[in-house]
Amino acid sequence: IETDLEEALSSLYRNANPAVVYIIAFPIGTGSGFVYDADGHIVTNNHVVEGADSYEIVFANGDRARAELTGRDVDSDLAVLKVDALPEGTNPLPLAPAGMAEVGQFAVAIGNPFGEQGSMSLGIISGLGRSLESQRDIGQNSSYSLPGVIQTDAPINPGNSGGPLFNLNGEVIGINAAIATTTGANSGVGFAIPVAAVHRIVPVLITDGAYTYPYLGVSFDGEISLDEQEIYDLPDRNGAYVLSVVSGGPADAAGLIAANPETGRGGDLIVAIDDVAINNFADLNAYLSFNASVGQTIQITINRDGEFITLPLTLGARP
């Protein structure tokens, strides 16, 4: 078994490492990225490139190239750079299909921790469906978050940001984005942006330079505890509970009702979108982020005072 795993890892590294790059973002710092297509597009994290004046790409074979910023998205922490030409024999990395990752699978990170180029580390997928809060400050004590995030114990350190997380087949399952840490170094809890976000957002960053998320105009209770179920007087805990509705927003136009701000009661409980069950806010956020588009009309099923009602709602653009 050992030799099989060793061979799989060595082979993965030989095939993948030429497409993993070291990014120098002047004057702010360094990070990792990977070759996305034969046109020279390189995917990395937004926080690797944000605020930089210029970008230099160092390839695994030592070649260097200047890169231009093609597009970036603060809410998913994704960005795309472009070089004019790739070194000979540098092939884009294959992306895994969305939604195929499972807890317990091996996870392999390749990147440049602490500037050590082409470092590989091995772990497992520790959890799925985590949320990563957007770096964007929208005030009002609220924020957007990216759903479907992968948690891994594959050692990830400063400088790994923007590099790929692979399955043993050498397919990209995520992009290493963050570590939960008090010291700034790996603590066994790393987070990777799911490949579903790469499939959906990166092509739009390449064509448009920015990505616009669909928008409901609602604030929710993220997860309903037993205590909150009593406070809200809800028949069921499964769903996304509407705490407030933005006046004039898409949800307002569709007729969604918010909870009474004094009592917390009387709000709609969203239980399905387009017949897909919504058990909590994370489900709702994932459906909107990966399956819906601005201007699309979705069918929202709500539990309102014990009665199930389905309302058409036309999604707006996230402000």
Side-chain angles (χ1 to χ4, degrees), residues 46 73-77 129-149 197 200-201 210-319:
N46 176 66
D73 173 44
V74 66
D75 289 340
S76 65
D77 198 16
R130 306 302 194 218
S131 290
L132 208 54
E133 205 157 290
S134 170
Q135 301 296 304
R136 175 157 68 127
D137 180 20
I138 55 171
Q140 309 121 7
N141 293 328
S142 62
S143 67
Y144 297 121
S145 61
L146 180 74
V149 169
R200 190 154 188 95
I201 295 167
Y211 185 81
T212 307
Y213 291 81
Y215 174 70
L216 282 177
V218 173
S219 70
F220 294 98
D221 186 317
E223 205 164 351
I224 300 164
S225 67
L226 291 171
D227 282 351
E228 287 169 335
Q229 184 180 356
E230 283 181 28
I231 293 165
Y232 301 149
D233 190 27
L234 290 174
D236 192 3
R237 275 180 51 243
N238 285 342
Y241 186 59
V242 178
L243 292 178
S244 67
V245 173
V246 176
S247 179
D252 191 23
L256 282 182
I257 295 175
N260 180 318
E262 305 293 320
T263 65
R265 298 187 168 192
D268 287 335
L269 184 68
I270 296 177
V271 294
I273 299 178
D274 294 336
D275 293 330
V276 174
I278 301 296
N279 291 316
N280 50 35
F281 171 70
D283 287 353
L284 180 137
N285 197 17
Y287 188 86
L288 291 183
S289 296
F290 302 139
N291 299 290
S293 308
V294 177
Q296 180 182 338
T297 299
I298 56 174
Q299 302 295 323
I300 289 202
T301 303
I302 55 172
N303 185 337
R304 181 181 289 170
D305 299 326
E307 187 185 350
F308 291 94
I309 304 167
T310 299
L311 300 170
L313 184 152
T314 302
L315 293 163
R318 185 180 284 183

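Computed from heavy atoms alone, side chains included, the values below leave out hydrogens, waters and symmetry copies.
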State, to 0.1 Å, how close G217 and A251 come at their nearest heavy-atom pair, and which atoms those are. O-CB, 4.1 Å
For D236, which residues count as a side-chain hydrogen bond (donor to acceptor under 3.5 Å, both in side chains) partner, sequence neighbours excluded? none
Using a 4.5 Å cut-off on heavy atoms from C-beta on, say whether the side chain of F220 contacts that of V242. yes
Rounded to the nearest 0.5 Å, what separation is found between the CD1 atom of I257 and the CD1 atom of I309? 7.5 Å
Contact between I300 and L216 at the side-chain level, heavy atoms closer than 4.5 Å - yes or no? yes
Starting at CG of L313, measure out to OG1 of T297 and round the result to the nearest 0.5 Å. 8.0 Å
Between G295 and T314, what is the shortest heavy-atom contact and its length? O-CG2, 3.6 Å
How many angstroms lie between atom CG of L311 and atom CD1 of I298, to the nearest 0.5 angstrom? 10.5 Å
Using a 4.5 Å cut-off on heavy atoms from C-beta on, say whether the side chain of V271 contacts that of I278. no
Just jot down the side chain to side chain contact (heavy atoms under 4.5 Å, CB included) partners of N280, sequence neighbours excluded, or say none. A282, D283
Keeping N279 on the side-chain end and N238 on the backbone end, is there a donor-acceptor pair under 3.5 Å? no
Heavy-atom side-chain proximity of N291 to D274 below 4.5 angstrom: no
Excluding sequence neighbours, so at least two apart, what forms side-chain hydrogen bond (donor to acceptor under 3.5 Å, both in side chains) with T212? none
Partner residues of S293 under the side chain to side chain contact (heavy atoms under 4.5 Å, CB included) criterion, sequence neighbours left out: R200, Q296
Any side-chain heavy-atom pair of D275 and Q299 under 4.5 Å: no
Who passes side chain to side chain contact (heavy atoms under 4.5 Å, CB included) against V246, sequence neighbours left out? Y215
Listing request: all side chain to side chain donor-acceptor pair (under 3.5 Å) pairs with a residue in residues 243-258, at least two apart in sequence or in separate chains. S219-S244
In terms of heavy-atom contacts, G264 and A259 come closest through O-CB, 3.6 Å
Residue pairs fulfilling salt bridge (charged side-chain N to carboxylate O under 4.0 Å, His left out) with at least one residue in residues 285-305, sequence neighbours excluded: D268-R304
How many angstroms lie between CG in L284 and CD1 in I273, if you round to the nearest 0.5 Å? 4.0 Å
Return each pair, listed once, that meets ring pair (Phe, Tyr, Trp, His ring centres under 6.0 Å) where at least one residue sits in residues 291-310; pairs must be two or more places apart or across chains. none
Scan side-chain atoms only and decide if Y213 and D73 contain a donor-acceptor pair under the 3.5 Å cut-off. yes
Check whether any side-chain heavy atom of T310 sits under 4.5 Å from a side-chain heavy atom of T301, and report yes or no. yes
Could you list all the ring pair (Phe, Tyr, Trp, His ring centres under 6.0 Å) pairs where at least one residue sits in residues 234-257, not counting sequence neighbours? Y232-Y241
Partners passing side chain to side chain contact (heavy atoms under 4.5 Å, CB included) against D233 (at least two apart in sequence or in another chain): R265
